[in-house]
Amino acid sequence: MRTLLTVVALICTQAQATETTLGPVQSADTLWKLATQARPDDQVAMVQVIYALWQANPHAFTLNNINALRQGSQLNIPQRQHMLSIPVAVARQWYNNAITIPAGRPAKASANVSNQAAAEAEQPTAVPVVTQATEQHDDTPPQPTSVPAIPARQQTKTQATTSVSGFTPPSQDYTLTLQQRYYAKPGDQAQAKSHSRASVSAEWVWQSNDRAHLLALEPFLRWDQQDTEGNLIDLRQAYWQYAGDGYDIKTGVDIVFWGVTESQHLVDVINQTDLIAGVDGEAKLGQPMFNLNRYGSAGTLAVYILPYFRPRTLAGQDGRLRPPLPVNSDQPLYESAQAERNLDFALRWSQQFGALDLALSYFEGNNREPILLPSAENTLQPMYLQMQQLGIEAQLISGSWIWKLESIYRKTRQQDFSAATLGFEYTQVGVFETDWNWAWIAEYQYDSRQQLAPVPGQNDLFIGSRFVANDAAGSEMLLGLLQDLDNSASKSVKLEASMRLSNTLRLRIDAWLFQSNLPSDTLYFIRHDDYFQLSLDYYF
């Protein structure tokens with residue numbers, strides 16, 4: 001009997017040993033597919049498996065990016081208890097952000113992993129971090145858009161096989177986006193109901209062999225069929241970054257994102273908004289900067305010096321979602337005598353206290369939000385005042401709950417005011433005994449200017465729901481309602497959905513509905529601009 005038990009034990013030990021690795025990775029393999037094989041049982045969420053695999057195998061991902069799985073790699077499978085030690089909400093939030101980073105860009109571990117999980121996990125190789133606005137480097141902002149099934153990238157497609165001058169060969173990614181937007185009605189100023197756009201972006205990233213230096217370049221070009229103000233040539237990234245011991249420095253052009261809430265981002269003031277790209281204001285323009293980040297046990301301190309200001313993109317005479325009078329964006333006014341060359345300055349301190357992420361920020365310089373002044377030519381002229389802003393961000397993760405807060409105090413020559421957005425996100429994992437995740441979002445928006453606020457959100461409630469299928473197509477949908485609590489007839493509804501059609505094609509659907517019956521309401525002038533938009537992204 002003892003001999004039989006010994007034999008059984010040896011067999012189990014051998015079986016366990018054979019299941020501690022996966023691979024080698026084939027060209028048709030995806031991280032999702034491999035995670036399915038590594039998943040020990042249904043008690044472990046898929047996002048926990050994916051996070052643990054990524055942590056334990058830094059060698060298998062180019063620039064630590066989960067969308068750049070290296071062909072031929074052998075993956076170590078972490079133990080089940082380590083997978084379970086990673087909070088599901090943390091893994092899900094990291095995953096939803098990580099899958100939006102194109103395969104040629106670096107990524108880093110989430111700062112929200114529990115101390116226990118971080119201690120048990122093998123940490124990925126450190127790389128300079130590319131700070132970005134969540135979502136996506138096309139006409140949409142960086143929001144979580146699932147692309148989990150990108151096949152293992154073959155080095156011959158994106159890189160040469162030899163390095164030059166101490167740098168790895170550049171990773172290269174290109175995106176072509178075609179958009180068609182349909183409005184329910186002609187514009188109040190007789191604008192067309194159908195608008196077409198096309199944009200193309202390219203990304204090149206070089207990294208030194210010692211991983212200390214990084215060069216990034218991302219030009220962006222957009223053509224708008226109806227509105228010439230929508231045509232844009234931009235550098236979203238063009239910078240050099242050096243990562244030292246406990247610090248990194250960056251100089252050039254980049255996109256930096258601040259904020260934690262879903263419905264609006266009050267504290268996000270580094271980059272100018274590309275309002276023509278989306279009414280939600282989440283698409284950004286590249287910002288020239290010098291940035292120093294210092295890391296330590298007391299937190300992270302980031303310093304930004306911004307030597308040049310970029311005016312906001314605003315719809316022209318033939319564009320939609322604009323005031324009744326056309327905006328003369330070519331001749332903006334400035335309070336500062338240095339105009340667009342005013343030297344803006346920002347500080348941000350961030351720290352993690354267990355499950356709580358906290359950040360404090362200060363900004364001084366040109367206000368990113370213009371006020372529109374009537375001119376003698378019967379147009380509106382944007383004016384950019386100087387401002388000082390104090391901001392706070394807080395995010396607390398507790399099981400399936402994520403509690404969020406953004407608040408600011410802003411001072412300008414025109415007025416001082418405070419504003420805040422606070423709420424929660426609750427996620428149900430594996431609903432209906434499937435891999436589906438369903439999140440419920442509720443946020444309250446406050447502005448001390450009340451009815452005089454030039455933007456929605458002075459006393460509004462946002463209710464939304466996000467569905468993530470966790471399928472091979474990366475299917476995802478977000479539906480949200482913003483209701484003015486002072487006026488029941490003032491509301492807006494948004495729909496965002498996306499799915500991959502193939503390894504190189506992604507389909508996105510966006511829709512907005514606006515309702516208002518008060519001329520003093522900020523939504524009143526776009527009440528006839530309900531639209532439905534189809535976008536097709538081609539990656540090559």
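- A donor-acceptor pair is defined here as one N or O able to donate and one able to accept, closer than 3.5 Å; such a pair exists between the side chain of Q272 and the backbone of R310.
- Between R410 and E369, at least one side-chain nitrogen of the basic residue sits less than 4.0 Å from a carboxylate oxygen of the acidic one, meeting the salt-bridge criterion.
- Of all the heavy atoms in W258 and D268, the pair that sits closest is N-OD1, 3.0 Å.
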> Could you walk me through whether I408 and F363 pass the side chain to side chain contact (heavy atoms under 4.5 Å, CB included) check?
Replying inline: CA-CA 11 Å; I408 63 170; F363 175 89; over 6 Å; no
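- In this structure, N271 CG and R236 CZ are separated by 10.5 Å, a value rounded to the nearest 0.5 Å.
- Shown here for A302 and N291, the closest heavy-atom pair between the two residues is CB-ND2, 4.3 Å.
- Taking CG of L275 as the reference point, atom CZ of R322 lies at 13.5 Å (rounded to 0.5 Å).
- A heavy-atom distance below 4.5 Å is found between the side chains of T175 and Y539.
- Taking the six-membered ring for Trp and thresholds of 30 and 60 degrees, F424 and W403 have ring planes inclined between 30 and 60 degrees apart.
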>> Would Q414 and T412 count as a side-chain hydrogen bond (donor to acceptor under 3.5 Å, both in side chains) here? Give the steps.
In response: CA-CA 5 Å; Q414 184 184 43; T412 68; 4.9 Å; no
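- Look at R368 and D344 and you find a salt bridge, because one of the NZ, NE, NH1 or NH2 atoms lies within 4.0 Å of a carboxylate O, short of that distance.
- For the pair L523/D484, no side-chain contact is recorded, criterion being any heavy-atom separation below 4.5 Å from C-beta on.
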> Can you check side chain to side chain contact (heavy atoms under 4.5 Å, CB included) on R508 and D537, steps first, answer last?
Replying inline: CA-CA 8 Å; R508 291 183 286 118; D537 302 319; 2.7 Å; yes
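- Ring pair Y242/H213 is tilted by interplanar angle, where 30° to 60° counts as tilted.
- At a cut-off of 3.5 Å, with distance as the only test, a side-chain donor of D416 or Y409 sits close to an acceptor on the other residue.
- The structure places CD1 of I402 at 12.0 Å from OH of Y426, a figure rounded to the nearest 0.5 Å.
- Nearest heavy-atom pair across S263 and E443 is OG-OE1, 2.5 Å.
- Side-chain contact between T427 and V429 is present, with heavy atoms from C-beta onward closer than 4.5 Å.
- The local environment of CG in D210 is crowded, with over 12 non-hydrogen atoms from other residues, nucleotides or ligands closer than 6.0 Å.
- Remark: the backbone N or O of E496 is not paired with any side-chain donor or acceptor of D510 at under 3.5 angstrom.
- Ring pair W204/Y174 is perpendicular by interplanar angle, where above 60° counts as perpendicular and below 30° as parallel.
- Using a 3.5 Å distance cut-off with no hydrogens or angles, the side chains of D460 and Y446 do not pair a donor with an acceptor.
- The line from CG of L221 to OG of S201 is 10.0 Å long, rounded to the nearest 0.5 Å.
- For the 3.5 Å distance criterion, the side chains of Q428 and W436 fail to qualify, holding no donor opposite an acceptor.
- Looking at heavy atoms from C-beta onward, Q381 lies in side-chain contact with L333 at the 4.5 angstrom threshold.
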> Should E340 and N366 be marked as a side-chain hydrogen bond (donor to acceptor under 3.5 Å, both in side chains) after you check the CA-CA gap, both sets of side-chain angles, and the distance that decides it?
Replying inline: CA-CA 8 Å; E340 69 273 8; N366 282 320; over 6 Å; no
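- Annotation for Q451: atom CD counts as buried by contact number, over 12 foreign heavy atoms lying within 6.0 Å.
- Between F61 and L69, some side-chain heavy-atom pair lies under the 4.5 Å cut-off.
- Judged by distance alone, with hydrogens and angles left aside, the side-chain atoms of S492 form no donor-acceptor pair with the main-chain N or O of Q483 at under 3.5 Å.
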> Yes or no on side-chain hydrogen bond (donor to acceptor under 3.5 Å, both in side chains) for S465 and W438, after CA distance, side-chain angles and deciding distance?
Replying inline: CA-CA 7 Å; S465 181; W438 214 303; 2.6 Å; yes
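- Residues L390 and Y362 share a closest heavy-atom pair of CD2-CD1, 3.5 Å.
- A salt bridge links E393 with R348; the closest basic N to acidic carboxylate O contact falls under 4.0 Å.
- Enclosure of atom CZ in R449 by more than 12 non-hydrogen atoms of other residues, nucleotides or ligands within 6.0 angstrom is indicated.
- Rounded to the nearest 0.5 Å, atoms CG (L485) and CG (N459) are 4.5 Å apart.
- Minimum interatomic distance between M289 and L306 (heavy atoms only, all atoms of both residues): CB-CD2, 3.5 Å.
- Taking every heavy atom of both residues into account, Q445 and G457 meet most closely at OE1-CA, 3.0 Å.
- Using a distance-only test at 3.5 Å, with no hydrogens or angles considered, a donor-acceptor pair links the side chain of N57 to the main chain of L53.
- Using bins of under 30°, 30° to 60° and over 60° for the plane-to-plane angle, the ring pair W94/W54 lands in the tilted bin.
- In this structure, the side chain of E406 engages the main chain of T261 through a donor-acceptor pair within 3.5 Å.
- Taken to the nearest 0.5 Å, the CD atom of E262 stands 9.5 Å off from the CG atom of D280.
- A salt bridge (Lys or Arg N to Asp or Glu O under 4.0 Å) with D274 is found for one member of R222, R312, K284 and no other, namely R222.
- When atom types are taken as modelled, the side chain of D234 and the backbone of G286 share a donor-acceptor pair closer than 3.5 angstrom.
- Side-chain contact check for V493 versus L479: some heavy-atom pair is nearer than 4.5 Å.
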